[in-house]
Amino acid sequence: MSEHTFATRVSRWYERNARDLPWRVPGVGAWAILVSEVMLQQTPVVRVLPAYEAWLARWPTPAALAADPPAEAIRMWGRLGYPRRAMRLHDCAVAIVERHGGEVPDRLEQLLALPGVGTYTARAVAAFAYGQRHPVVDTNVRRVVSRAVAGEPDAGPATRPADLVATEELLPAEPAEAALASAAFMELGAVVCTARSPRCAVCPVESICAWRASGQAAPAGPTRRPQRYAGTDRQVRGLLLAVLRESSGPVPRQRLDQVWTDDVQRSRALAGLVTDGLVEPAGGETFRLAGDGPAIPAPALDA
DNA sequence: CTCCGGTCAG
DNA sequence: CTGACTGGAG
């Protein structure tokens, strides 16, 4: 298969079929791109849209977010899920201000060093915000490349170096064209080459897809190891955080005790939130979101 | 490798 | 009811 043909076909398809998403509007800054990418980690586009708009309206720059306490970021995150991302995005804003004068860095190395920015997000920002030529490999791209090139119906659970190499080989030489192709690969995986029910009939590379050529059936088992939610610490963390999010300032432990009956699990979940930096003890058997309200006053000394 | 939210289509 | 969703970090 010709790499050139593959990227060209998918890019041309993308130009005609791309969803109209706010972070794809020409001229959006690197900060907006970064915010969108972090929100989109493990979260579907349709749920990110409103949160993205609200977030950027309130914090249009890294400096604006860095100036507010983490508690505000956690609240604004709402029910997007994985609230540690809100914490890390706040930490990331602080790091951008401290290390890069408030400007999102454009070098891959510097991006990777930021909190909450990993292999995928760093390359996404470098490519989509700065037009650089990097393989941008998320779960969609892994699946598309795995099918089209290797002929495998499913990719592995995580991005490996080999995935980056395989994807890089499909990219056009011109940086701008490569960035466009990366967005196109992702869109193809999100809309056409989906995990369970691929729409091969409308796929622009159906005729040169190794998986189709192999005649293999659709993937059998789950793409990812099943994750339980009900009854897990994650659910309890979510319940605890919901109470803290809706309160202003410290919350008595007694109120947190009401969200879950199992003392052991509830305590473990709360301790985990503290360890992650999302929650902090506020004295007198109370807890609050990180940095919510005034600093903890030092114990008053008896005169 | 495991943990980490929350929602929704099938 | 399960699987999937533009991953990252310990």
Side-chain angles (χ1 to χ4, degrees), chain A residues 14 18-19 21-24 33-52 74 77-89 91-92 111-125 127-129 134-145 154-160 163-164 167 179 182-199 218-242 244-245 265 268-269 271-273 275-279:
Chain A
Y14 177 74
R19 290 168 293 178
L21 302 175
W23 45 87
R24 287 175 175 168
I33 299 286
L34 177 55
V35 169
S36 76
E37 295 299 343
V38 172
M39 288 186 170
L40 287 161
Q41 291 168 4
Q42 299 291 285
T43 305
V45 167
V46 287
R47 290 212 302 136
V48 165
L49 286 170
Y52 168 84
I74 296 167
W77 198 255
R79 305 180 71 78
L80 264 191
Y82 292 136
R84 288 192 297 195
R85 290 183 293 167
M87 190 71 198
R88 292 192 185 123
L89 192 47
D91 292 345
C92 184
L111 287 164
L112 283 167
L114 296 172
V117 177
T119 305
Y120 163 75
T121 306
R123 287 171 175 76
V125 171
F128 303 146
H134 295 291
V136 182
V137 183
D138 70 334
T139 184
N140 286 317
V141 175
R142 279 209 314 281
R143 186 174 56 249
V144 167
V145 175
D154 262 325
T159 299
R160 295 174 303 178
D163 298 322
L164 294 179
T167 302
S182 289
F185 293 167
M186 292 176 67
E187 188 75 348
L188 188 69
V191 177
V192 174
C193 196
T194 57
R196 311 293 296 204
S197 307
R199 302 165 56 207
T223 300
R224 227 185 140 117
R225 197 153 74 267
Q227 279 192 100
R228 300 284 181 278
Y229 179 59
T232 62
D233 285 4
R234 287 161 57 211
Q235 182 183 13
V236 182
R237 285 169 59 111
L239 293 170
L240 289 169
L241 213 53
L244 291 161
R245 200 191 295 127
Q265 187 174 25
R268 186 175 62 229
L273 289 171
T275 297
D276 289 344
L278 291 164
V279 175

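Note on naming: letters A, B, ... go to the chains in the order of the sequence lines (proteins, then strands), and numbering restarts at 1 for each one. If you're wondering where the values come from, they're calculated on a predicted model, not measured in any experiment. Below, each value reflects all heavy atoms present in this structure, side chains not excepted, and no hydrogens, waters or symmetry copies.
Using a 4.0 Å heavy-atom criterion, one finds that R85(A) contacts the bases of the nucleic acid, with or without backbone contacts as well. When heavy atoms are screened at a 4.0 angstrom cut-off, T232(A) is found touching no nucleic acid atom at all. Nucleic acid contact for V48(A): none, since no nucleic acid atom lies under 4.0 Å from a heavy atom of the residue. Residue L80(A) is classed as a base contact, given a heavy-atom separation below 4.0 Å to a base. Within the 4.0 angstrom heavy-atom criterion, no nucleotide atom of any strand lies near T194(A). In this structure, G81(A) reaches the bases: a heavy-atom distance under 4.0 Å links it to at least one base atom across the strands shown. Using a 4.0 Å heavy-atom cutoff across all strands shown, W77(A) reaches no nucleic acid atom at all. Across all strands, R143(A) comes closer than 4.0 Å only to sugar-phosphate atoms, never to a base (heavy-atom distances). D233(A) comes within 4.0 angstrom of the backbone, heavy atoms only, and of no base. Among the heavy atoms of the strands lying under 4.0 Å from E37(A) is at least one base atom, whether or not backbone atoms are also near.
Here the P atom of nucleotide dC4(B) and the CG atom of L240(A) are 12 Å apart, to the nearest Å. Straight-line distance from the CZ atom of R142(A) to the P atom of dG8(C): 10 Å, rounded to whole Å. Atom C1' of nucleotide dG7(C) and atom CG of D163(A) are separated by 14 Å, given to the nearest angstrom. Taking atom CG on L49(A) and atom P on dG6(B), their separation rounds to 19 Å, with Å as the unit. For the pair L34(A) CG and dG8(C) C1', the computed distance is 13 Å after rounding to whole Å. Rounded to whole Å, atom P of dG8(C) lies 16 Å from atom CE of M39(A). In this entry the distance linking CG of L241(A) with P of dC3(B) reads 20 Å, nearest Å. For N140(A) and dG7(C), the CG to P distance is 7 Å, given to the nearest whole Å.
Ionic pairing of R268(A) and D233(A) is present here: one or more N-O contacts between side-chain nitrogen and carboxylate oxygen are shorter than 4.0 angstrom.
The side chain of Y229(A) contributes no N or O atom lying less than 4.0 Å from OP1 or OP2 of dG5(B). At least one side-chain nitrogen or oxygen of R196(A) sits closer than 4.0 Å to the OP1 or OP2 atom of dA4(C). Residue Q42(A) places at least one side-chain N or O closer than 4.0 Å to OP1 or OP2 of dG7(C). Neither OP1 nor OP2 of dA9(C) sits under 4.0 Å from any side-chain N or O of R88(A). Between dG6(B) and T43(A), no contact under 4.0 Å exists linking OP1 or OP2 to a side-chain N or O.
Between the E187(A) side chain and the R19(A) main chain, a donor and an acceptor come within less than 3.5 Å of each other.
Between atom CD of residue Q41(A) and atom CG of residue L80(A) there is a gap of 11.0 Å, rounded to the nearest 0.5 Å. How far CD1 of I33(A) is from OG1 of T121(A): 12.0 Å, rounded to the nearest 0.5 Å. Rounded to the nearest 0.5 angstrom, M39(A) CE and W77(A) CH2 are separated by 5.0 Å.
Residues M87(A) and D276(A) share a closest heavy-atom pair of CG-O, 4.2 Å. The heavy-atom pair separating Y52(A) from S36(A) by the smallest distance is CE1-CB, 3.7 Å.
Minimum atom distance to the side chain of R234(A) is reached by dG5(B), of the listed dG6(B), dG5(B), dG7(C). Comparing dG8(C), dC5(C), dG6(B) against the side chain of R245(A) picks out dG6(B) as the nearest.
A donor-acceptor contact under 3.5 angstrom links the side-chain atoms of Q227(A) to the base of dC4(B).
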Any protein N or O atoms within reach of nucleotides 8-10 of chain B? Criterion: under 3.5 Å, listing atom names and distances.
none

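If you run side chain to side chain contact (heavy atoms under 4.5 Å, CB included) between V137(A) and each of R123(A), R160(A), R142(A), only R142(A) comes through. Exactly one residue among V141(A), V136(A), T119(A) makes a side chain to side chain contact (heavy atoms under 4.5 Å, CB included) with L164(A). That residue is T119(A).
Straight-line distance between the P atoms of dG10(C) and dG5(B): roughly 15 Å, to the nearest whole Å.
For P157(A) and R228(A), each mapped to the nucleotide of DNA chain C holding its nearest heavy atom, the one lying further toward the 5' end belongs to R228(A). Both A195(A) and L112(A) lie near DNA chain C, and the one whose nearest nucleotide falls closer to the 5' end is A195(A).
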